[in-house]
Amino acid sequence: MIHRPPPSSLADLQARADALRGVSLGVLAAELGAAIPEDARRSKGWIGQLVEAALGADGGSRPEPDFAGLGVELKTIPVTKDGRPRESTFVCTAPIEGAFEGAWLESRVRHKLAHVLWVPIHGDHEGTLELRTIGVPKLWVPNPEEDAALAADWLLLSELIAGGELHRINARLGAVMQLRPKGANAADYAWMIDDEGGWVRAVPYGFYLRTRFTAKLIAG
DNA sequence: GACTGATCATAG
DNA sequence: CTATGATCAGTC
């Protein structure tokens, strides 16, 4: 697949993203010489990687922003025909091995979300991948209210992990952000000692943004 | 429709 | 193996 060179500036990135509005994934894949997967269920990350290639994301699978030079993270987000997100959005994994990250300002979550390019993907998930289309991309920087909401959830959830209170972790916690399993499958776990001194299974967790939060971000 | 727990693919 | 990219599938 052809991978375009990285954008030279924020304006360049914005312009390239805007140029993708309304383009179908079939057309985009053809332009980049990418093969379209037969089975959408087995191609969960394909759309994200296609858009990365189209926009020249250079972060690769390293723990850096997708557009390293610009400090911008790219997120594709599946939306319904009225533009509402279908799914929550994965942010990053949560360090389960005791390593408390320190302050919110230094956290991986905040670094990931400092500057995000949201690219909505429209389309029926029963249909084929190539008929889905790209919506209106939006560059986002958290405003003070959004940052405060994220910080509050991050503190709540991080303290549960740091305190070994794994049995209290579930996806219901957090107003705008939650912790959910992020492993290969249910067999993906480690054993560790929790706050009560007993051995417990520790599945890998990830931070996810709730649908109702991302809905506000990509609207208007 | 929203939500939760589980799962799939690829790169380095 | 760990990071990246997320969506699936069943239930509420």
Side-chain angles (χ1 to χ4, degrees), chain A residues 1-3 6 25 28-29 32 34-68 72-97 99 101 108-109 111-113 116-129 132 134-135 153 157 160 166-190 200-216 218-219:
Chain A
M1 156 160 57
I2 296 170
H3 198 105
L25 299 187
L28 186 57
L32 297 174
I36 295 164
E38 298 281 326
D39 185 356
R41 288 178 308 175
R42 294 184 173 276
S43 313
K44 294 182 183 180
W46 183 77
I47 297 176
Q49 286 162 5
L50 183 72
V51 177
E52 281 184 355
L55 294 176
D58 55 357
S61 63
R62 294 171 296 165
E64 293 177 22
D66 294 305
F67 302 98
V72 173
E73 180 73 17
L74 173 67
K75 289 289 182 194
T76 56
I77 181 166
V79 296
T80 59
K81 60 179 184 298
D82 51 329
R84 293 193 59 83
R86 292 174 179 275
E87 295 281 352
S88 53
T89 301
F90 174 67
V91 180
C92 63
T93 52
I96 203 76
E97 294 291 345
E101 291 179 331
R108 295 163 63 186
V109 173
H111 283 138
K112 274 280 183 188
L113 299 181
V116 178
L117 175 64
W118 297 99
V119 179
I121 305 294
H122 293 263
D124 180 359
H125 279 206
E126 305 310 311
T128 61
L129 283 168
R132 299 184 199 177
I134 295 173
D153 285 347
L157 300 170
L160 285 182
L166 301 184
H167 58 281
R168 288 186 55 201
I169 293 177
N170 62 65
R172 296 173 186 80
L173 301 172
V176 300
M177 187 165 65
Q178 61 187 164
L179 280 174
R180 299 224 307 278
K182 170 64 165 130
N185 52 54
D188 189 350
Y189 61 84
V200 294
R201 284 188 184 200
V203 302
Y205 281 103
F207 287 103
Y208 293 78
L209 298 179
R210 291 186 184 279
T211 302
R212 56 182 170 225
F213 183 67
T214 52
K216 289 191 301 180
I218 64 175

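What you are looking at is a predicted structure, and each value in this text was computed from that prediction instead of being measured. Order of the sequence lines fixes the chain letters, A, B, ..., with proteins taken first and strands second; residue numbering starts at 1 for each chain.
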Exercise. Apply salt bridge (Lys or Arg N to Asp or Glu O under 4.0 Å) to the pair R41(A) and D39(A), showing each step before the final yes or no.
Key: CA-CA 5 Å; R41(A) 288 178 308 175; D39(A) 185 356; 3.6 Å; yes

Atom-to-atom span, [atom1] of [X] to [atom2] of [N] - whole angstrom:
X	N	atom1	atom2	value
I36(A)	dA9(B)	CD1	C1'	17 Å
D39(A)	dA9(C)	CG	C1'	14 Å
Y205(A)	dT2(C)	OH	P	18 Å
R108(A)	dT2(C)	CZ	C1'	10 Å
K182(A)	dA9(B)	NZ	C1'	10 Å

Practice problem: Please determine, for the side chain of A171(A), which listed nucleotide (dG5(C), dT4(B), dA6(B)) has the closest atom? | Solution: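 The answer is dT4(B), which lies nearest to the side chain.
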
Would you indicate what [X] reaches in the nucleic acid, counting non-hydrogen atoms under 4.0 angstrom: base, sugar-phosphate, or nothing?
X	value
P78(A)	sugar-phosphate
D66(A)	sugar-phosphate
A186(A)	sugar-phosphate
Y208(A)	base
E73(A)	sugar-phosphate
T80(A)	nothing
R172(A)	sugar-phosphate

Quick one: does [X]'s side chain get under 4.5 Å of [Y]'s, heavy atoms only?
X	Y	result
L117(A)	L55(A)	yes
H122(A)	V79(A)	yes
L179(A)	F207(A)	yes

Look at [X] and [N] and indicate whether a side-chain polar atom (N or O) is within less than 4.0 Å of OP1 or OP2.
X	N	value
K75(A)	dA6(C)	yes
R210(A)	dT4(B)	yes
K112(A)	dT4(C)	yes
T76(A)	dA6(C)	yes
R41(A)	dA9(B)	no

Atom pairs, N/O to N/O, protein against nucleotides 10-12 of chain B, distance under 3.5 Å?
none

Exercise. Return yes if some donor-acceptor pair links the side-chain N/O of R42(A) with the main-chain N/O of P37(A) below 3.5 Å, else return no.
Key: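 Side chain of R42(A) to backbone of P37(A), a donor-acceptor pair under 3.5 Å: no, none is there.
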
Exercise. Could you say whether E87(A) or G45(A) is positioned toward the 5' end of DNA chain C, judged by the nucleotide with the nearest heavy atom to each?
Key: G45(A)

